[in-house]
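The chains referred to below are lettered A, B, ... by the order of the sequence lines, with proteins before strands, and numbering in each begins at 1.
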Amino acid sequence: METKAEKAKAPSRRTSITDVARVLQVSASTVSRALSDQQDISKATKARVRQVAHAMNYQPNLVAAGLRRGQSKTLGVILPHLSGAFYPTVLHGIEKMASQHGYQVLVCQSHDEVRCEQRRVAALLAAQVEGILIPVSATTLAEVNHLAQVQQAGTGLVFFDRAPADLPGSAAVLLDTYNGAYEAVTHLIKGGSRRIAHFAGPQQVSTSRNCQEGYLAALRDHQLPRGKN
DNA sequence: GCCATTTCACGGCCCCAAAT
DNA sequence: ATTTGGGGCCGTGAAATGGC
């Protein structure tokens, strides 16, 4: 019967630093240090290790490294969807900054649905991500227990674009859509475009409630009737 | 046979000791 | 002083072991 050690040597297993070390007849420690370019390894050894590792198609196991370090160097991003221009642009910025700081990014979609968002949050916590960036789904605003669990786990949590109102202690990067809409309408009115300013209804202005409220507040403050609907 | 407990393996990093 | 080796550790799950 096959032993555990023999199973571990199955040919389908991916190449580890132990395999590279065995070929080079050095220790796994030496391979690890050579591949991470530490100073206390000779140039000749580094070159040999890299050559053999490349030839054996070695890929570092980030899970194992994170296990020892106690950090995964991975961030999770949960987006409602990947369509349109906004979220892909934000994701590009997140990945760029994460990469600059040595972090990987895991991206999931919530499909703008709280149940799906809960599953994605659980999966990212299980993957030991160090932080989660998320614009909460449209149906999450009244149901934030899964997000509170992220905080309780000591995992970083940053909202962007949309954030729940009743989750103290969380960080958020938000667009000021209320004041943006208010300022835009005020600018039109002061520029003499009173008709243009109240031509549309709030739902034509934006799907964002904040934006709609800013629009309506500006009309009210400048004593204009609200738009079509 | 079933259940609970213990042991082991996984991959890579860190620290200390030993060799040169 | 520099380079390398070896053991321990991390969290999890599978396998082995023991007791009933």
Verdict with supporting geometry, E213(A) and R220(A), salt bridge (Lys or Arg N to Asp or Glu O under 4.0 Å):
CA-CA 10 Å; E213(A) 288 176 353; R220(A) 187 174 58 247; over 6 Å; no
Between P of dG11(B) and CD1 of I17(A), the distance in whole Å
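Computing the I17(A):CD1 to dG11(B):P distance gives 9 Å.
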Send over the distance from N61(A) CG to dA9(B) P, rounded to a whole Å.
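Interatomic distance, CG of N61(A) to P of dA9(B): 18 Å.
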So, S42(A) versus T45(A): side-chain donor-acceptor pair below 3.5 Å or not?
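Result is yes, a qualifying pair exists.
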Distance-only polar pair, side chains of D161(A) and Y87(A), donor-acceptor under 3.5 Å:
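Yes, because at least one side-chain N or O of D161(A) sits under 3.5 Å from a partner of the opposite role on Y87(A).
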Identify, residue by residue, the members of residues 51-60 of chain A with a heavy atom below 4.0 Å from DNA chain C, and return them in order of residue number, or none.
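By residue number: none to list.
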Shortest non-hydrogen contact from L35(A) to A53(A)?
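Minimum heavy-atom contact is CD2-CB, 4.1 Å.
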R50(A): salt bridge (charged side-chain N to carboxylate O under 4.0 Å, His left out) partners, not counting sequence neighbours:
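Counting only residues at least two positions away or on another chain, R50(A) forms a salt bridge (charged side-chain N to carboxylate O under 4.0 Å, His left out) with D37(A).
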Ion pair R120(A)/E113(A), N-O distance below 4.0 Å
no
Where along nucleotides 1-8 of chain C does protein come under 4.0 Å, by heavy atom, of base (B) or sugar-phosphate alone (S), with - for untouched nucleotides?
--BBBBBB
Side-chain touch V114(A)/H146(A), heavy atoms, less than 4.5 angstrom
yes
Within the side chain of T15(A), is there an N or O that forms a donor-acceptor pair under 3.5 Å with the backbone of M56(A)?
yes
